[in-house]
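Down below is the structure, laid out as structure tokens.
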Amino acid sequence: PRPPTAHPASMPQERPTLISRTDALPANDVPSGLAALPASLPAVRGNHQAAAPVLPPLTSMRQAMAQAGLKPSVSSIYRSYAEQVAVKITRGGFAATPGRSQHGLGLAVDLCGGVQSFASPAHLWMQRNAPLYGWFHPAGAGPSGRRPEPWRAECPGAPRPPAPSA
């Protein structure tokens, strides 16, 4: 079955802030409820974990993308504080301050496999359909945002799966 499509006016671009720029997670904080990615979610570079509530909607979204002929893979979800420090060192101003990234809660995903370009069919699919699965592309990661990241999506928790289209 084809995934439902969203009307552009219904697509949320932001959600309530879970980690703010002023209130950082402490260096020793490890969120409870992390779970390993299921085998149905292809990933690159290592053993990934995420907040357990985001895995069902991420899996559903990835399956819908595969049905549309797209093949994204996960390149990053949860990042420990030490991993956030390492990313900040290598990416500089392009990365969030350690302790202030949604990756620290396992609620942000970086995708590859075609999503990493704003004009790609995979990114355009994400813009149209990710909100139906509880995911969104934050405004600050848009083409004119403070950190342009076409590959990024965030999920504030465990949304209901989308209703099947008629």
Side-chain angles (χ1 to χ4, degrees), residues 1-6 10-68 70-84 87 95-113 115-116 122-123 125-142 147 149-165:
R2 275 188 10 207
T5 55
S10 68
M11 291 190 293
Q13 291 296 309
E14 291 296 334
R15 47 77 187 114
T17 301
L18 301 170
I19 299 176
S20 72
R21 290 190 196 164
T22 57
D23 299 320
L25 292 172
N28 62 351
D29 185 80
V30 176
S32 62
L34 290 176
L37 264 63
S40 61
L41 280 172
V44 295
R45 293 191 304 265
N47 194 5
H48 297 283
Q49 293 183 307
V54 306
L55 290 175
L58 181 59
T59 300
S60 295
M61 183 174 71
R62 169 57 172 85
Q63 290 168 343
M65 292 181 84
Q67 289 174 353
L70 305 169
K71 299 178 181 167
S73 295
V74 171
S75 60
S76 180
I77 295 190
Y78 168 70
R79 289 185 193 143
S80 68
Y81 190 88
E83 289 169 316
Q84 292 175 55
V87 169
T97 300
R100 296 194 174 120
S101 170
Q102 303 304 322
H103 285 289
L105 293 174
L107 299 175
V109 63
D110 292 344
L111 298 169
C112 57
V115 179
Q116 59 271 36
H123 180 76
W125 188 99
M126 290 283 295
Q127 286 295 104
R128 285 190 306 273
N129 296 293
L132 298 170
Y133 298 89
W135 291 88
F136 70 95
H137 187 244
R147 288 190 188 104
E149 295 180 277
W151 53 83
R152 184 180 181 97
E154 294 183 10
C155 184
R160 291 181 302 171
S165 59

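All values below come from the heavy atoms of this structure, side chains included, with hydrogens, waters and symmetry mates left out.
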Counting C-beta onward and ignoring hydrogens, is there a side-chain heavy-atom pair between [X] and [Y] closer than 4.5 Å?
X	Y	answer
Pro72	Arg62	yes
Pro38	Leu41	yes
Lys71	Met65	no
Pro42	Val74	no
Tyr78	His103	no
Ile77	Leu58	yes
His48	Leu37	yes

I'd like to know if the side chain of His123 pairs up with that of Arg128 as donor and acceptor (distance under 3.5 Å, no hydrogens or angles considered). no
For Arg152 and Ala108, work out which heavy atoms get closest and say how close. NH2-CB, 3.5 Å
Which heavy atom of Ala51 sits nearest to which heavy atom of Leu105, and what is that distance? CB-O, 3.6 Å
Residues which pass salt bridge (charged side-chain N to carboxylate O under 4.0 Å, His left out) with Arg79, listed by chain and number, not counting sequence neighbours: Asp110
What residues form a side-chain contact (heavy atoms from CB on, under 4.5 Å) with [X], not counting sequence neighbours?
X	result
Ala130	Met61, Met126, Trp135
Ala35	Ala52, Leu55
Pro98	Tyr81, Gln84, Val85, Lys88
Ala96	Ser101, Arg147

Pairwise distance [atom1]([X]) to [atom2]([Y]) - rounded to 0.5 angstrom:
X	Y	atom1	atom2	result
Ser73	Leu111	OG	CG	8.5 Å
Trp151	Ser75	CH2	OG	9.0 Å
Cys155	Phe136	SG	CZ	8.5 Å
Ser60	Leu132	OG	CG	11.5 Å

Considering residues at least two apart in sequence or located in another chain, which fulfil the side chain to side chain donor-acceptor pair (under 3.5 Å) criterion with Ser80? Glu83
CA sep, side-chain torsions, deciding dist, call: Val109, Ser76, side-chain contact (heavy atoms from CB on, under 4.5 Å): CA-CA 6 Å; Val109 63; Ser76 180; over 6 Å; no
